[in-house]
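Shown next, in structure tokens, is the structure this report addresses.
None of the values given here were measured: they were computed from a predicted structure.
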Amino acid sequence: MSATDTLQTSTPQRDGTDAADLPVFATEKTVLGVGVSTWPKIIAPMIVGILALAGWEFAVWWNKVPHFVLPGPLLIGQTLITDWGTLSGSLWITLKITFAALIAAVTVGVALAILFTQSKWLELSLFPYAVILQVTPVVAIAPLIIIWVGDINTSLLICAWLVAFFPILSNTIMGLNSADHNLRNLFEMYGATRWQTLRYLRLPAALPYFLSGLKISGGLALIGAVVAEFVAGSGGTASGLAYRILESGYQLRIPRMFAALVMVSVTGIAIFLATSWVSHMLLRRWHESAVKREN
Amino acid sequence: MNAPVLSRQIPKPLVALRGISKQFSNGTLAVRNVNLDIPAGEFLSLLGPSGCGKSTLLRMLAGLGAPSAGTIEWPTMDYDASGQPMRDLGFVFQDPTLMPWATALKNVMMPLTLKNVSKAEAEERSVEALKMVGLAGFEKAYPRELSGGMKMRVSIARAIVTRPKILLMDEPFAALDEITRHKLNNDLLELWSAGGFTAVFVTHSVFESVYLSQRIVVMAARPGRIMADISVDAPYPRNEQFRTSADYAAWCRVASEKLKEAIGS
Ligand SMILES: Nc1ncnc2c1ncn2[C@@H]1O[C@H](COP(=O)(O)OP(=O)(O)O)[C@@H](O)[C@H]1O
Ligand SMILES: [Mg+2]
């Protein structure tokens with residue numbers, strides 16, 4: 001308690017709590033629809049990439065490296081175009097498995113997380129098994145799953161799902177439990193039902209956690225789909241990118257192998273960008289992680 | 001002013017605390033044998049050093065955590081089938097405690113949404129409440145876009161939007177700078193004069209309690225108990241003139257003495 005409390009003689013007109021004081025946030029200039037501050041993030045890695053590719057092409061040409069050892073980026077690009085028919089079919093299959101697995105992971109992960117946070121007993125008795133599923137390497141159980149399930153696509157889906165669902169489960173549980181203690185008290189005071197508390201408080205509070213789980217799981221679903229296909233080594237009509245890589249390896253068609261590899265990487269990057277974008281759009285107005293700092 | 005001013009003959013207090021004690025599971029006796037009647041419409045401050053059980057007492061009033069002994073009666077409120085009072089109250093925490101994902105308007109609407117008031121009506125009343133706390137035009141702002149004082153105003157708007165009979169406040173302005181605090185004190189008094197609610201204001205500041213309240217209940221710690229009950233008979237409206245008056249200084253001295261006694265004992 002300071003003495004100035006009693007010496008205060010007049011109140012300044014503006015104290016920062018006046019409604020007339022505008023909040024501190026500004027809109028940024030954009031070029032081609034992308035924020036000015038975002039462009040360096042695009043241009044800098046691009047320059048590095050172009051320099052690296054040029055160096056690679058030059059090294060292959062200068063040392064006369066044979067194609068079946070290391071093809072140059074130009075040849076890989078060419079192969080991507082000439083083999084597009086086969087490769088795009090495989091890409092489509094891998095994409096389908098990846099997204100189906102991701103959707104299943106989100107559905108099961110979120111549903112289980114909600115169940116677990118509603119009933120302590122359910123969580124206590126089931127969570128350890130979720131951990132066991134998570135820590136068992138998918139390569140080790142993939143053969144078993146393939147034998148049991150029979151259908152190769154379903155097996156791959158299950159494997160990819162197994163890899164992808166845990167981050168969503170554990171992140172969402174953490175998020176649901178992260179709602180502010182006093183906000184929960186407030187909901188209790190107003191006699192909120194369980195459903196209202198979930199709908200208006202716990203689910204929104206869980207959103208940032210869920211989204212960071214989704215970012216991890218998106219990549220994991222792709223990895224799961226590819227790894228499981230390597231294990232399955234399937235051929236025939238329904239063959240994804242992993243099988244193309246294996247097949248090209250056996251046939252020493254190294255440029256095609258690289259082309260398939262490029263497609264896997266690009267898919268992974270695209271999934272990461274897509275999930276990051278979704279996350280940014282959902283959180284940009286309110287969450288510290290997505291908000292632009294201005295100080 | 002030494003005798004407790006419980007002798008005023010008001011037939012039905014808004015809330016009556018009878019022999020309230022609270023012991024936590026770790027053994028801490030946070031509150032011991034508190035008896036207190038709060039008449040409807042009163043502005044009452046709970047004044048005491050940190051740790052004397054002010055928050056615990058306020059939370060029990062709000063129905064958060066039952067007392068270990070004693071009863072809290074709300075003679076004028078309805079009781080539900082299970083015998084629980086349907087407390088008609090608003091609560092303001094020390095932190096604004098807003099939902100960061102929701103706009104100011106949505107935050108203020110929440111109590112009404114939880115009470116299943118129609119969206120149109122909830123919106124109308126929330127816009128009104130924001131206007132009353134001086135935040136007209138900030139409906140669409142998110143909490144992070146508002147200053148500390150503005151967030152506190154949103155929190156107050158949320159507490160009064162249900163037009164509660166009693167407003168419980170737990171050191172709501174303690175984290176704000178002095179200028180903002182004085183301004184919010186004035187605005188709170190204005191709301192109280194206009195709103196017809198009972199106010200229970202927890203604070204550790206003698207100056208704040210004297211400036212705001214009709215009655216100051218002084219508490220002491222270990223265990224938390226009531227040491228004095230002072231009625232501040234200065235007229236309202238109180239404003240910056242009151243803050244510099246000799247009257248105010250005299251009341252502050254009285255309250256300070258009681259507080260010193262309470263801490264010393
Ligand atoms: N949940 C709790 N469990 C155990 N002890 C508590 C709990 N909450 C408060 N206390 C103790 O009770 C006493 C009163 O606390 P509180 O009501 O918060 O005091 P005040 O608000 O006056 O500062 C303190 O000694 C504090 O440590
Ligand atoms: Mg406290």
Side-chain angles (χ1 to χ4, degrees), chain A residues 1-26 175 178-197 199-208 282-294, chain B residues 59 62-64 86-87 89-91 93-95 97-103 110-116 130 133-138 141-150 152-153 158 162 176-180 182-184 186-187 204-208 211 240 243-244 248-249 252 256:
Chain A
M1 279 167 278
S2 67
T4 54
D5 242 330
T6 46
L7 295 177
Q8 182 73 34
T9 48
S10 68
T11 316
Q13 289 299 300
R14 303 281 293 272
D15 67 356
T17 71
D18 280 352
D21 281 328
L22 287 172
V24 275
F25 79 104
S178 75
D180 182 85
H181 180 70
N182 275 337
L183 272 174
R184 284 203 229 181
N185 281 339
L186 203 70
F187 271 63
E188 196 188 320
M189 269 183 243
Y190 287 117
T193 60
R194 239 165 208 260
W195 162 246
Q196 283 177 322
T197 309
R199 157 95 175 68
Y200 295 115
L201 180 61
R202 301 183 83 169
L203 283 176
L207 187 64
L282 289 174
L283 302 181
R284 71 198 163 122
R285 281 306 293 277
W286 66 273
H287 198 257
E288 289 302 331
S289 69
V291 154
K292 216 177 111 54
R293 296 183 65 223
E294 283 185 48
Chain B
R59 296 159 70 86
L64 297 172
M86 285 146 83
R87 297 179 193 84
L89 55 81
F91 201 102
F93 297 94
Q94 179 167 347
D95 301 313
T97 318
L98 302 175
M99 301 178 289
W101 55 83
T103 59
M110 188 49 62
L112 299 174
T113 308
L114 294 179
K115 286 176 188 295
N116 298 315
L130 278 172
V133 298
L135 282 180
F138 284 84
Y142 283 80
R144 63 165 300 277
E145 297 161 0
L146 301 171
S147 71
M150 289 158 107
M152 214 60 226
R153 286 168 187 271
R158 178 180 59 191
T162 55
L176 301 177
D177 63 275
E178 190 172 299
I179 297 165
T180 308
H182 286 179
K183 189 150 204 281
L184 279 165
N186 289 334
D187 292 358
H204 58 248
S205 159
V206 170
F207 305 108
E208 202 175 28
Y211 187 72
E240 295 302 327
R243 209 187 277 287
T244 51
Y248 174 70
C252 286
S256 291

Side chain from CB out, backbone as N, CA, C, O: work out which of these in [X] comes under 4.5 Å of a heavy atom of chain A, or both, or neither.
X         : value
Arg59(B)  : side chain
Met110(B) : side chain
Leu89(B)  : both
Thr162(B) : side chain
Phe91(B)  : both

State, yes or no, whether a side-chain contact exists between Glu145(B) and Arg285(A) at a heavy-atom distance under 4.5 Å.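 Yes. Closest side-chain heavy atoms under 4.5 Å.
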Side chains of Leu112(B) and Tyr190(A): does their closest heavy-atom pair fall under 4.5 Å?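 Not touching, per the 4.5 Å side-chain cut-off.
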Counting heavy-atom pairs under 4.5 Å with chain A, which one of Pro100(B), Ala62(B), Gly63(B) comes out on top?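 If we count pairs closer than 4.5 Å to chain A, Pro100(B) comes out on top.
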Winner by heavy-atom pair count (cut-off under 4.5 Å) against chain A, out of Pro111(B), Gly90(B), Ala102(B), Pro143(B): Pro111(B)
Mind ranking Leu207(A), Leu186(A), Thr193(A), Asp180(A) by heavy-atom pairs under 4.5 Å with chain B and telling me who comes out on top?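 When all of Leu207(A), Leu186(A), Thr193(A), Asp180(A) are compared, Leu186(A) has the most.
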For the interface with chain B, which of Leu283(A), Thr197(A), Asn185(A) has the highest count of heavy-atom pairs at distances below 4.5 Å?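 That would be Asn185(A).
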Taking atom NE2 of His287(A) and atom OH of Tyr142(B), what is their separation to the nearest 0.5 Å?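 Between atom NE2 of His287(A) and atom OH of Tyr142(B) there are 13.5 Å.
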Under 4.5 Å from any heavy atom of chain B, what part of Ala179(A) do you find: side chain, backbone, both or neither?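 Neither part; nothing is under 4.5 Å.
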Could you look at Leu282(A) and say if it's the side chain, the backbone, both or neither that has a heavy atom under 4.5 Å from chain B?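 Neither the backbone nor the side chain of Leu282(A) comes within 4.5 Å of chain B.
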Shortest non-hydrogen separation from Leu114(B) to Gln196(A) and the atoms involved: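 Reported closest heavy-atom pair: O-NE2, 3.1 Å.
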